[in-house]
Amino acid sequence: MGTVVDDAASVEFHAFFERHYAELSRLAYLLTGESDTADDLAADAFLALWHRWDRVRAAERPAAYARGVVANLARTRIRSAVRERRRVALFWSQREESTENPDVAGAVDVQGALRRLPFRKRACVVLRHAFDLSEKDTALALGISVGTVKSQTSKGMAELQRLLGTQDVPQRMHAEPGARRPTAGQGVRAGGSGGKGR
């Protein structure tokens, strides 16, 4: 009896994995800027999703739920390296102040500039402009209000313009992790003798 239910859940989960792995890996990459980290976070996210699969499958928008899991994992990963990030930011600010070339800021790529945004601004900009999500769906994924999405996206885009030294910040951001794509059985166990965690 229980095996039939578990098998159905496993098939459902594998289908979800196939549809959304690339998107969630790309989201992790844009939030962290690291392709290896994106692979790890996507795998960790799917593991977490499998353990909560009953909740995920019952959600009104399972993909939005999954994006929220990735965003939370990325936030945790970034916070654990906050000191290093501050040192990097300090290095870049000193370098820009000391340079005699007024065009150096224009050479900073969008991905580098994104990494310098505070996490919430970065997440709003990425979900709105790289994933074309609506303000409502972005709010749902991040667990914040639509008003916060509007203000954080606006401030984030303004900050990107300042960092890039241009008014022409791309409205569409195409950044691919270029990472290996595992199968649903690699890095994510969706069944097996242990069954689904609860």
Side-chain angles (χ1 to χ4, degrees), residues 9 12-82 85 110-111 113-160 169-177 179 181-182 184 187-188 190 197:
E12 223 176 39
F13 177 80
H14 275 76
F16 185 84
F17 177 95
E18 292 296 327
R19 283 196 306 273
H20 297 289
Y21 176 83
E23 173 195 347
L24 296 183
S25 182
R26 180 169 173 252
L27 173 59
Y29 174 66
L30 286 170
L31 293 177
T32 64
E34 301 171 1
S35 59
D36 288 342
T37 296
D39 266 350
D40 292 343
L41 288 182
D44 289 347
F46 274 101
L47 183 61
L49 290 169
W50 173 246
H51 286 304
R52 307 174 201 167
W53 188 239
D54 288 342
R55 192 185 314 169
V56 177
R57 73 201 298 199
E60 184 180 349
R61 295 177 181 167
Y65 187 103
R67 293 183 198 110
V69 171
V70 171
N72 285 332
L73 288 172
R75 182 186 295 114
T76 299
R77 186 75 164 241
I78 290 168
R79 282 178 176 170
S80 71
V82 67
R85 288 170 56 241
V110 174
Q111 183 61 49
L114 273 173
R115 284 197 294 269
R116 296 177 62 187
L117 294 183
F119 182 82
R120 183 175 286 183
K121 289 179 185 174
R122 183 192 318 172
C124 286
V125 168
V126 165
L127 289 172
R128 292 283 288 123
H129 294 286
F131 285 82
D132 288 328
L133 292 192
S134 67
E135 290 167 342
K136 182 178 178 180
D137 284 345
T138 300
L140 184 63
L142 298 177
I144 58 180
S145 71
V146 170
T148 300
V149 170
K150 290 179 179 178
S151 66
Q152 291 292 291
T153 302
S154 175
K155 290 175 182 176
M157 291 299 285
E159 209 163 319
L160 280 180
V169 177
Q171 294 300 302
R172 284 296 308 250
M173 299 172 191
H174 300 282
E176 299 297 337
R181 184 180 184 283
V188 180

Check whether any side-chain heavy atom of [X] lies under 4.5 Å from a side-chain heavy atom of [Y], and answer yes or no.
X      : Y     : answer
Leu49  : Tyr65 : yes
Arg67  : Val70 : no
Leu127 : Leu27 : yes
Arg77  : Leu73 : no
Arg57  : Phe16 : no
Val56  : Trp50 : no

### Message
Between the side chains of Arg116 and Glu159, is the shortest nitrogen-to-carboxylate-oxygen separation below 4.0 Å, so that they form an ion pair?
### Response
no
Do any N or O atoms from the side chain of [X] and from the backbone of [Y] form a donor-acceptor pair under 3.5 angstrom?
X      : Y      : value
Arg128 : Leu133 : yes
Ser151 : Thr148 : yes
Ser25  : Tyr21  : no
Thr76  : Asn72  : yes

Closest approach of [X] to [Y] (non-hydrogen atoms, all atoms of both residues):
X      : Y      : result
Arg122 : Arg115 : NH2-O, 3.1 Å
Ala74  : Leu41  : CA-CD1, 3.8 Å
Ala63  : His20  : CB-CE1, 3.7 Å
Thr32  : Ala38  : OG1-N, 4.5 Å

Spacing of [atom1] belonging to [X] relative to [atom2] belonging to [Y], to within rounding of 0.5 Å:
X      : Y      : atom1 : atom2 : answer
His129 : Thr153 : NE2   : OG1   : 6.0 Å
Cys124 : Lys150 : SG    : NZ    : 12.5 Å
Asp137 : Arg61  : CG    : CZ    : 4.5 Å
Gln152 : Leu117 : CD    : CG    : 10.0 Å
Ser145 : Lys136 : OG    : NZ    : 13.5 Å

#### Entry: Verdict with supporting geometry, Phe46 and Val69, side chain to side chain contact (heavy atoms under 4.5 Å, CB included)
CA-CA 9 Å; Phe46 274 101; Val69 171; over 6 Å; no
### Message
Go through it in stages, so that I can follow the logic: the residues are Leu140 and Glu60, the test is side chain to side chain contact (heavy atoms under 4.5 Å, CB included), and I'd like the CA-CA distance, side-chain angles, deciding distance and then a yes or no.
### Response
CA-CA 11 Å; Leu140 184 63; Glu60 184 180 349; over 6 Å; no
### Task
Cation-pi check, Arg26 to Phe131: give yes when NZ or CZ is under 6.0 Å from the six-membered ring centre and within 45° of the ring axis, no otherwise.
yes
### Query
Which is it for Leu160 and Met157 under the side chain to side chain contact (heavy atoms under 4.5 Å, CB included) test, yes or no, and what are the steps along the way?
CA-CA 5 Å; Leu160 280 180; Met157 291 299 285; 4.2 Å; yes
